[in-house]
Amino acid sequence: MGDTNGQVVAGGNGQGNRLDQLNGPTDVLIDKETDSLIICDRENRRVVRWSRRSDTTQGDILIDNIKCWGLTMDDQRYLYISDIEKHEVKRYQIGEKNGTIVAGGNGKGASLNQLNVPRYIFVDQQQTVYVSDNFNHRVMKWNKGAKEGIVVAGGQGYGNALTQFSCPEGLFVDTLGTIYVADSSNHRVMRWPKGAKQGTVIVGGNGSGEGANQFNYLRGLSFDRHGNLYVVDHWNNRVQRFPIE
């Protein structure tokens with residue numbers, strides 16, 4: 001905290017596909033067990049792991065030939081990755097190349113067993129998978145082993161009503177089942193209590209712009225343990241922090 005300069009911990013050697021380069025990364029997580037970063041290296045169609053040791057100069061490929069976007073890890077160290085080309089989410093054991101489909105996988109579409117450009121994912125302790133189903137403008141919940149998902153937010157088409165999203169991206173689900181969503185093209189973050197038919201705007205919603213209460217397209221979001229919300233404000237090229245009650 002308080003640093004004005006960051007330090008490069010992966011990539012930083014220009015755009016490219018060498019093992020010391022990244023190209024269009026979209027998501028990252030920390031694997032505490034191996035003290036490494038796992039990165040969705042989207043334009044290189046691969047998921048890579050970079051050790052956090054200071055002498056690390058390159059990553060190693062965990063999974064290749066995947067148009068990944070979002071990734072997360074559950075308590076059992078299973079890795080979940082969304083594929084925006086195959087419209088599916090797969091679960092992998094670390095070191096495994098093939099994975100198991102846990103959401104979507106039935107082609108592009110808007111049926112309950114389909115996804116249309118799944119972006120970010122969240123997995124709870126029951127291995128329930130939540131997906132921001134970007135082009136369907138909804139958040140889907142897939143219970144463990146389910147053959148189809150449940151619409152838990154949005155799903156009323158593209159729009160800016162409190163029942164709608166416009167291209168949802170980052171999401172987070174708290175222990176009460178409340179869903180927080182980066183409603184990208186509406187330039188707002190929404191909160192949907194469990195079972196609610198509509199959400200509330202908690203930050204943004206003031207049009208696109210550079211103000212402290214505005215965004216210009218959102219991507220990922222995250223919470224720290226003090227309840228601060230961090231939002232990737234994409235076209236403003238910044239990350240914003242908000243205290244959330």
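This chain uses plain numbering: 1 for the first residue, then up along the sequence. All values below were derived from every heavy atom in this structure, side-chain atoms included, with hydrogens, water molecules and symmetry-related copies excluded.
- For Asn186 (side chain) and Arg188 (main-chain N/O), no donor-acceptor pair under 3.5 Å exists by modelled atom type.
- With sequence neighbours left out, the side chain to side chain donor-acceptor pair (under 3.5 Å) criterion links Lys108 to no other residue.
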Stepwise side chain to side chain contact (heavy atoms under 4.5 Å, CB included) test for His87 and Val117: CA-CA 5 Å; His87 310 285; Val117 187; 4.0 Å; yes
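- Every residue meeting the salt bridge (Lys or Arg N to Asp or Glu O under 4.0 Å) condition with Asp35, not counting sequence neighbours, appears here in chain and number order: Arg52.
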Side chain to side chain contact (heavy atoms under 4.5 Å, CB included) between Tyr92 and Ile66, worked out: CA-CA 13 Å; Tyr92 298 81; Ile66 180 171; 3.7 Å; yes
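- Contact annotation: the side chain of Val9 never approaches that of Trp50 to less than 4.5 Å [non-hydrogen atoms, C-beta and beyond].
- Between Asp64 and Arg45, every side-chain heavy-atom pair lies at or beyond the 4.5 Å cut-off.
- Residues satisfying the side chain to side chain donor-acceptor pair (under 3.5 Å) criterion with Gln15, sequence neighbours excluded, are Asn23.
- Asn216 has its side chain out of reach of His234: every pair of non-hydrogen atoms, C-beta onward, lies at least 4.5 Å apart.
- Annotation: side chain of Lys67 is in contact with side chain of Glu43 (closest heavy-atom distance under 4.5 Å).
- The number of heavy-atom neighbours closer than 6.0 Å to CD of Glu210, taken from other residues, nucleotides and ligands shown, is 12 or below.
- Arg138 approaches Ala110 most closely through the heavy-atom pair NH1-O, 2.9 Å.
- Within 6.0 Å of CZ in Phe242 there are more than 12 heavy atoms belonging to other residues, nucleotides or ligands.
- Contact between Ala103 and Val131 at its shortest, heavy atoms only, is CB-CG2, 4.2 Å.
- Cluster annotation: Met140 is connected to Val89 through the hydrophobic network of ILVMFWY side chains, with a link wherever side-chain heavy atoms come within less than 4.5 Å.
- Screening Asp124, Val123, Val181 for a side-chain contact (heavy atoms from CB on, under 4.5 Å) with Tyr130, the sole residue that qualifies is Asp124.
- Listed by first then second residue, pairs satisfying salt bridge (Lys or Arg N to Asp or Glu O under 4.0 Å) with a partner in residues 87-102 number zero, not counting sequence neighbours.
- Here Asn236 pairs with Asp233 under the side chain to side chain donor-acceptor pair (under 3.5 Å) rule; sequence neighbours left out.
- Linking ILVMFWY residues whenever their side-chain heavy atoms come closer than 4.5 Å, directly or via other members, places Ile61 and Ile39 in the same cluster.
- Closest approach of Glu169 to Ser132, counting heavy atoms only: O-OG, 2.6 Å.
- With sequence neighbours left out, the side-chain contact (heavy atoms from CB on, under 4.5 Å) criterion links Ala196 to Pro193.
- Closest approach of His137 and Pro168 over heavy atoms only: CA-CD, 3.7 Å.
- For Arg77, the side-chain contact (heavy atoms from CB on, under 4.5 Å) partners at least two apart in sequence or on another chain are Asp31, Glu33, Thr34, Met73, Ile94.
- Looking at heavy atoms from C-beta onward, Phe165 lies in side-chain contact with Val139 at the 4.5 angstrom threshold.
- Taking 4.5 Å as the limit, some side-chain heavy atom of Phe215 sits within range of a side-chain heavy atom of Gln240.
- Remark: Leu171 CG to Ser222 OG distance equals 11.5 Å, nearest 0.5 Å.
- Closest of all the heavy-atom pairs between Arg42 and Thr26 is NE-CG2, 3.3 Å.
- Here Ile121 contributes atom CD1 and Asp133 contributes atom CG; the two are 12.5 Å apart, rounded to the nearest 0.5 Å.
- If you take CD1 on Ile179 and CG on Leu176, they are separated by 12.0 Å, rounding to the nearest 0.5 Å.
- Phe135 is not connected to Leu115 by any chain of hydrophobic side-chain contacts under 4.5 Å among Ile, Leu, Val, Met, Phe, Trp and Tyr, and they are in different clusters.
- Taken from CG in Asp83 to CH2 in Trp69, the straight-line distance is 12.5 Å, to the nearest 0.5 Å.
- Taking Asp60 as the reference, Arg49, Leu62 meet the side-chain contact (heavy atoms from CB on, under 4.5 Å) condition, with sequence neighbours excluded.
- The side-chain heavy atoms of Val201 and Asp183, taken from C-beta on, include no pair separated by under 4.5 Å.
- The two residues Leu71 and Leu29 make their nearest non-hydrogen contact at CD1-CD2, 3.2 Å.
- Within the structure, disulfide bond (SG atoms under 2.5 Å apart) pairs that include any residue of residues 53-111 comprise Cys40-Cys68 (at least two apart or interchain).
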Derivation and outcome, side chain to side chain contact (heavy atoms under 4.5 Å, CB included), residues Val28 and Ile38: CA-CA 6 Å; Val28 60; Ile38 297 176; over 6 Å; no
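- Both Met190 and Val173 are members of a single hydrophobic cluster when ILVMFWY side chains are connected at heavy-atom separations under 4.5 Å.
- In this structure, a donor-acceptor pair under 3.5 Å is absent between the side chains of Tyr120 and Asp27.
- Between atom CZ of residue Arg46 and atom CG of residue Asp41 there is a gap of 4.5 Å, rounded to the nearest 0.5 Å.
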Atom pairs and distances, side-chain donor-acceptor, residues 142-162, under 3.5 Å, sequence neighbours left out:
unit_1: Lys144; atom_1: NZ; unit_2: Gln127; atom_2: OE1; d: 2.7

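- Applying the side-chain contact (heavy atoms from CB on, under 4.5 Å) rule to Arg225 yields no partners; only residues at least two apart in sequence or on another chain are considered.
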Derivation of the side chain to side chain contact (heavy atoms under 4.5 Å, CB included) call for Asp20 and Thr57: CA-CA 6 Å; Asp20 66 344; Thr57 56; 5.7 Å; no
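- In this structure, Thr128 OG1 and Gln126 CD are separated by 5.5 Å, a value rounded to the nearest 0.5 Å.
- Phe223 places a side-chain heavy atom less than 4.5 Å from the side chain of Ile244.
- In terms of the ring-ring contact (aromatic ring centres under 6.0 Å, His included) criterion, residue partners of Phe122 (sequence neighbours excluded) are, by chain and number, Phe172.
- Val189 is not connected to Tyr230 by any chain of hydrophobic side-chain contacts under 4.5 Å among Ile, Leu, Val, Met, Phe, Trp and Tyr, and they are in different clusters.
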